[in-house]
Amino acid sequence: MKLGIIADYRVESFDYAANLGLAFLEFCVNVGTPASTFTSLVPELKAASERTGVAVASIGRWGPDRINKDGSINEEELKASQALIDACQELGCPVFVGGCNYIEELSYYDNITAAINYFSVLIEYGKTRGISIATYNCHWNNYIVDDAAWKLIHGHLPELGIKYDPSHARYAGQDYLKEIVDWGSRIKHIHIKGSVIIDGKRFDDPPAGMDQTDWGTFMAILYGVGYQGGLSIEPHSHTWTGELGDKGVQFTIDYFNRLLLRG
């Protein structure tokens, strides 16, 4: 396992990661940002990756509607995801991450069927590029976040992976340790960010290692299930910003370097 960080898609991000001794970057192309905005930068990003030795471990498309109201695939978003899968291939990035919106007017069965149809298309496209597809367990316009949905969707699609972030499970009241025991073989990428719950409510997302997550047991399970992917630091706090945020990132790096087995 290696450490990396989520960053803006700028050439300077590769130098930032290299200076911190990190192995990779993760890029998130959120809803509202055309895929072409990212793909136009791919040549510069590829050159920076080769220059610094910092890889790109994951590219994700977060937040858009993949499914239309009638349960059909949103062709515009499908093309955007396919363009980003092409970018993955060009950058040597092994994983593309996405989610799937829930249509309230449709039954749960119809929503599951629509998601299976959508990810089946992405998986087949990814195969032609040598890219694995994974769902994220974040609730941002996405309902594929727990055992119930994974059993049906991932159970039907054995090649579909999971991008896992324990903070989402904790805030939803789910057992994050059991989830990685049960689904560890399907996990392709991991976010590490802290989570603090006070009086049953989310308080803050401090640096990982300075929170309530049992990271030691979490890592022991990852080694137990044979996870070989990346651990992507996600600065996600309104408190830990600026100079304090930089110190928080360094804290997490130091903390996880003590948990990682070397050699």
Side-chain angles (χ1 to χ4, degrees), residues 1-30 33 35-62 81 83-98 126 128-134 136 161-165 187-194 207-209 215 218-219 222-223 226-236 240-243 245-263:
M1 284 181 270
K2 294 181 180 180
L3 285 175
I5 193 167
I6 299 173
D8 295 332
Y9 24 95
R10 296 179 297 117
V11 167
E12 293 81 5
S13 295
F14 288 91
D15 295 287
Y16 172 72
N19 290 336
L20 290 173
L22 298 174
F24 68 83
L25 292 176
E26 173 186 348
F27 296 126
C28 301
V29 186
N30 297 334
T33 301
S36 59
T37 299
F38 180 84
T39 58
S40 66
L41 299 172
V42 165
E44 295 177 45
L45 300 178
K46 183 178 180 179
S49 176
E50 293 172 348
R51 174 176 56 81
T52 60
V54 174
V56 179
S58 173
I59 295 174
R61 180 68 167 165
W62 298 74
S81 290
L84 292 173
I85 291 171
D86 291 342
C88 285
Q89 181 186 34
E90 184 67 18
L91 290 167
C93 170
V95 180
F96 174 76
V97 177
T128 68
R129 306 297 193 269
I131 308 302
S132 296
I133 310 300
Y136 53 75
I162 297 170
K163 189 288 300 175
Y164 195 79
D165 181 332
I187 296 175
K188 301 292 186 182
H189 189 68
I190 286 176
H191 281 187
I192 51 174
K193 69 171 180 283
W215 291 111
F218 184 85
M219 290 294 292
L222 289 183
Y223 279 112
Y227 178 71
Q228 297 292 322
L231 303 172
S232 185
I233 299 168
E234 182 182 10
H236 198 261
W240 293 81
T241 60
E243 183 179 353
D246 291 338
K247 291 180 178 179
V249 168
Q250 187 62 59
F251 175 89
T252 295
I253 293 170
D254 294 341
Y255 179 85
F256 273 85
N257 277 334
R258 293 194 296 271
L259 296 177
L260 288 169
L261 304 179
R262 305 294 184 182

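Residue numbers start at 1 and run along the sequence shown.
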(request) Using the six-membered ring wherever Trp is involved, compare the ring planes of Phe218 and Tyr164 and label them parallel, tilted or perpendicular (cut-offs 30° and 60°). (result) parallel

(request) Could you note down all residue pairs passing ring pair (Phe, Tyr, Trp, His ring centres under 6.0 Å) where residues 40-59 supplies at least one of them, sequence neighbours left out? (result) none

(request) Please round to the nearest 0.5 Å and tell me the distance separating atom CD1 of Ile6 and atom NE2 of His191. (result) 3.5 Å

(request) Check whether any side-chain N or O of Ser40 sits under 3.5 Å from a backbone N or O of Ser36 as a donor-acceptor pair, and report yes or no. (result) yes

(request) If a pair satisfies side-chain hydrogen bond (donor to acceptor under 3.5 Å, both in side chains) and one of its residues is in residues 83-98, list it, with sequence neighbours excluded. (result) Lys46-Glu90, Asp86-Tyr125, Asp86-Arg129

(message) On a heavy-atom basis, which atom in Val42 and which in Ala87 lie closest, and how many Å separate them?
(response) CG2-CB, 3.8 Å

(message) Would you compute the distance between atom OG1 of Thr128 and atom CD1 of Ile85 and round it to the nearest 0.5 angstrom?
(response) 8.0 Å

(request) Look at atom CD of Glu12 and say whether more than 12 heavy atoms of other residues, nucleotides or ligands are closer to it than 6.0 Å. (result) yes

(request) Please name the pair of heavy atoms, one in Gly126 and one in Ile133, separated by the smallest distance, quoted to 0.1 Å. (result) CA-CD1, 4.5 Å

(message) Could you report the tightest heavy-atom contact between Ala17 and Val54, atom names first, then the distance?
(response) CB-CG1, 4.0 Å

(message) For Ile253 versus Leu3, what's the shortest heavy-atom pair and its separation?
(response) O-CD1, 4.0 Å

(request) To the nearest 0.5 Å, tell me how far Phe256 CZ sits from Met219 CE. (result) 6.5 Å

(message) Testing the basics here: between Phe251 and Pro207, what is the closest heavy-atom pair and its distance to 0.1 Å?
(response) CD2-CB, 4.3 Å

(message) Lys2: which residues meet the salt bridge (Lys or Arg N to Asp or Glu O under 4.0 Å) condition with it, sequence neighbours left out?
(response) none

(message) Under the criterion side-chain contact (heavy atoms from CB on, under 4.5 Å), I'd like the reasoning laid out for Leu231 against Ile233: C-alpha separation, chi angles, the key distance, then a yes or no.
(response) CA-CA 6 Å; Leu231 303 172; Ile233 299 168; over 6 Å; no

(request) Please tell me if the side chains of Val56 and Leu45 come closer than 4.5 Å, counting only heavy atoms from C-beta onward. (result) no

(request) Would you mind reporting whether Phe24 and Ser232 have side-chain heavy atoms less than 4.5 Å apart? (result) yes

(request) Any salt bridge (Lys or Arg N to Asp or Glu O under 4.0 Å) involving residues 13-27? Give me the pairs, sequence neighbours left out, ordered by first then second residue. (result) Asp15-Arg51

(message) Determine whether a donor-acceptor pair (N or O, by modelled atom type, separation under 3.5 Å) exists between the side chain of Arg61 and the backbone of Asn30.
(response) yes

(message) Quick one, Pro235 and Val249 - any side-chain contact, counting heavy atoms below 4.5 Å?
(response) yes

(request) Determine the sole option in Tyr136, Tyr9, Trp62 for which the side-chain contact (heavy atoms from CB on, under 4.5 Å) test with Cys28 is passed. (result) Trp62

(request) Enter the distance from Phe96:CZ to Ser58:OG here, rounded to the nearest 0.5 Å. (result) 9.0 Å

(request) Given side-chain contact (heavy atoms from CB on, under 4.5 Å), test Phe14 with Ser49 step by step and report yes or no. (result) CA-CA 6 Å; Phe14 288 91; Ser49 176; 3.6 Å; yes

(message) So, using side-chain hydrogen bond (donor to acceptor under 3.5 Å, both in side chains) as the criterion, who are the partners of Trp215 when residues are at least two apart?
(response) Asp211

(message) Pair Lys163, Ile190 - check side-chain contact (heavy atoms from CB on, under 4.5 Å), show working.
(response) CA-CA 6 Å; Lys163 189 288 300 175; Ile190 286 176; over 6 Å; no

(request) Mind listing the closest non-hydrogen atom pair of Ile162 and Ala134 along with its distance? (result) N-CB, 3.7 Å

(message) Could you measure the distance from the CD1 atom of Ile59 to the NE2 atom of His189? Nearest 0.5 Å is fine.
(response) 10.5 Å

(request) Could you tell me whether a side-chain N or O of Thr33 sits under 3.5 Å from a main-chain N or O of Val29, the two making a donor and an acceptor? (result) no

(request) Spell out, as yes or no, whether a donor-acceptor pair under 3.5 Å connects the side chain of Tyr16 to the backbone of Val11. (result) no

(request) Name all pairs fulfilling the side-chain hydrogen bond (donor to acceptor under 3.5 Å, both in side chains) condition that reach into residues 252-261, sequence neighbours left out, sorted by first residue then second. (result) Gln250-Asp254, Asn257-Arg262

(request) Determine, step by step, whether Phe38 and Leu84 satisfy the side-chain contact (heavy atoms from CB on, under 4.5 Å) criterion, reporting the C-alpha distance in whole Å, the side-chain angles of both residues, the deciding distance to 0.1 Å, and the verdict. (result) CA-CA 8 Å; Phe38 180 84; Leu84 292 173; 3.7 Å; yes

(message) With rounding to the nearest 0.5 angstrom, report the NZ to NE2 distance, Lys193 to His236.
(response) 5.0 Å

